S.K.: 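Take a look at this one; I'll ask things after.
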Amino acid sequence: MSWLKEVRVVVGFDFGTTYSGFTLYHVDDDDIGDIKTNSEWPGELGKFKTNTVLQYKEDFEEVELWGYPALYKKPNRRSGGDETKPVELFKLHLGNCLEKFKPKLPEPLTYKQAITDYLFKIGELIKETIPKYWTGIDFMEHILLVLTVPAGYSENDKAIMRECIFNAGLISDKRSERLQFTTEPEAAAIYCMYSSLKEHKLTEPGSTYKKYS
């Protein structure tokens, strides 16, 4: 686990079905309040998440827009109605979602490619945002990426996510330990536990508490 000593920034990544977001935390910071939640997205400011949506060019080989702009792109009257529609809800192809609820994607686009393309785009923003807070950070060497996943995800689902994250250029090796998964309930529980302890000043050395039965 010597690689852990090289970690300087932890990226908390919430890749959601309809909205996605990320947070940044430097390991030298002392307080959970120092977590930096991104609120600057393409086309909008002040929101903690952006839409999990892609807008492709006609051949579906290149992403034209992502996030909020992809969902609310104004139609081009000169296109004659041949413009591609937003691609969304592609995360539903993972997990135990019923087949009838999985969105049909335009050919030749696959759900794995859509996930990879979205991760690549939001990954670009993560890489652009980190230097705004800290200098000298090598993304592949100094970053620990923690991705939240639904509690119902199988090991195969997580393996697919790992493959997509690797193909999106967010880890240098598909088996890299610099990518860790946590379930969404686990992440919420840990935050609530820490927040409650801090609220009652039980995070300080020597703190005690009473047990009530």
Side-chain angles (χ1 to χ4, degrees), residues 1-16 19-52 66-68 91 115-151 153 158 161-207:
M1 301 288 285
S2 60
W3 61 271
L4 275 174
K5 298 179 181 179
E6 300 174 357
V7 173
R8 294 171 60 185
V9 175
V10 179
V11 177
F13 194 176
D14 179 12
F15 170 57
Y19 291 94
S20 297
F22 66 89
T23 60
L24 306 173
Y25 181 76
H26 199 286
V27 297
D28 289 339
D29 292 336
D30 297 325
D31 196 281
I32 195 171
D34 294 324
I35 290 177
K36 295 167 175 55
T37 303
N38 185 65
S39 60
E40 297 183 9
W41 302 98
E44 57 181 351
L45 301 174
K47 294 185 177 181
F48 292 149
K49 292 187 178 183
T50 192
N51 305 80
T52 308
W66 70 281
Y68 175 85
K91 186 184 175 184
I115 292 173
T116 299
D117 289 339
Y118 189 85
L119 294 174
F120 177 81
K121 286 298 182 180
I122 198 171
E124 284 186 324
L125 181 59
I126 293 172
K127 293 174 182 178
E128 292 171 3
T129 303
I130 290 173
K132 295 180 180 179
Y133 297 108
W134 309 286
T135 60
I137 303 296
D138 185 312
F139 194 86
M140 294 301 179
E141 296 295 327
H142 302 145
I143 299 295
L144 171 61
L145 183 62
V146 181
L147 183 74
T148 57
V149 296
Y153 266 20
K158 287 185 277 190
M161 281 301 307
R162 179 173 285 276
E163 176 186 353
C164 293
I165 289 171
F166 170 71
N167 290 334
L170 297 180
I171 52 177
S172 58
D173 187 301
K174 192 181 294 186
R175 296 168 295 179
S176 175
E177 292 183 280
R178 287 182 170 84
L179 168 64
Q180 297 290 323
F181 294 100
T182 185
T183 66
E184 292 161 354
E186 286 174 339
I190 291 171
Y191 180 81
C192 289
M193 287 171 60
Y194 186 90
S195 297
S196 296
L197 289 172
K198 182 182 177 184
E199 178 184 355
H200 298 288
K201 299 181 179 180
L202 297 177
T203 57
E204 300 174 3
S207 298

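Keep in mind that what you see is a predicted model, and the values were worked out from it rather than measured.
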S.K.: Would you name the heavy atoms of Tyr153 and Val149 that are closest together and state the gap between them?
M.R.: CD2-CB, 3.7 Å
S.K.: Identify the two heavy atoms, one from Leu144 and one from Glu177, that lie closest to each other, and give their separation to 0.1 Å.
M.R.: CD1-O, 4.0 Å
S.K.: Just by distance, do the side chain of Thr52 and the backbone of Gly16 share a donor-acceptor pair under 3.5 Å?
M.R.: yes
S.K.: Would you name the heavy atoms of Lys174 and Phe166 that are closest together and state the gap between them?
M.R.: N-CD1, 3.6 Å
S.K.: Is the side chain of Trp66 donor-acceptor paired with the backbone N or O of Ile122 at a distance under 3.5 Å, no angle test?
M.R.: no
S.K.: Which of these, Val11, Leu179, Thr182, sits in a side chain to side chain contact (heavy atoms under 4.5 Å, CB included) with Val146?
M.R.: Thr182
S.K.: For residues Ile130 and Leu24, determine if any side-chain heavy atom of one lies less than 4.5 Å from a side-chain heavy atom of the other.
M.R.: yes
S.K.: How about Glu163 and Thr116: do any of their side-chain heavy atoms sit closer than 4.5 Å?
M.R.: no
S.K.: Among residues at least two apart in sequence or on other chains, which ones pass side chain to side chain contact (heavy atoms under 4.5 Å, CB included) with Arg8?
M.R.: His26, Ile137, His142
S.K.: For Ser172, is there any backbone N or O sitting under 3.5 Å from a side-chain donor or acceptor partner on Ser176?
M.R.: no
S.K.: What is the ring orientation for Tyr118 with Phe15, classed by angle as parallel under 30°, tilted 30 to 60°, or perpendicular over 60°?
M.R.: tilted
S.K.: Going from CG on Asn38 to CZ on Phe22, what distance comes out if it is rounded to the nearest 0.5 angstrom?
M.R.: 3.5 Å
S.K.: More than 12 foreign heavy atoms under 6.0 Å from OH of Tyr19: is that the case here?
M.R.: no
S.K.: Begin with the C-alpha distance, continue with both residues' side-chain angles, and end with the deciding distance and a verdict on side-chain contact (heavy atoms from CB on, under 4.5 Å) for Ile115 and Met161.
M.R.: CA-CA 8 Å; Ile115 292 173; Met161 281 301 307; 4.2 Å; yes
S.K.: Find the distance between CD (Glu40) and NZ (Lys47) and round it off to the nearest 0.5 Å.
M.R.: 14.5 Å
S.K.: CD of Glu44 to NZ of Lys49: how many Å apart, nearest 0.5 Å?
M.R.: 13.0 Å
S.K.: Quick check: does any side chain N or O of Glu186 sit under 3.5 Å from a backbone N or O of Thr183, one acting as donor and the other as acceptor?
M.R.: yes
S.K.: Determine the minimum heavy-atom distance between Leu119 and Leu170, stating which atoms define it.
M.R.: O-CD1, 3.9 Å
S.K.: Tell me the closest heavy-atom pair linking Glu184 and Lys91, and the distance in Å.
M.R.: OE2-NZ, 4.1 Å
S.K.: May I have the step-by-step check of side-chain contact (heavy atoms from CB on, under 4.5 Å) for Asn51 and Trp41, ending in yes or no?
M.R.: CA-CA 10 Å; Asn51 305 80; Trp41 302 98; over 6 Å; no
S.K.: With rounding to the nearest 0.5 Å, note down the distance linking CZ in Phe181 to CD1 in Ile165.
M.R.: 5.0 Å
S.K.: Does the side chain of Glu141 reach to within under 4.5 Å of the side chain of Arg178, using non-hydrogen atoms?
M.R.: yes
S.K.: Any side-chain heavy atom of Asp138 within less than 4.5 Å of one from Glu6?
M.R.: no
S.K.: Test side-chain contact (heavy atoms from CB on, under 4.5 Å) on Lys36 and Lys132; report intermediate values, then the result.
M.R.: CA-CA 11 Å; Lys36 295 167 175 55; Lys132 295 180 180 179; over 6 Å; no
S.K.: Does atom CZ of Phe120 have more than 12 heavy-atom neighbours, drawn from other residues, nucleotides or ligands, at distances under 6.0 Å?
M.R.: no
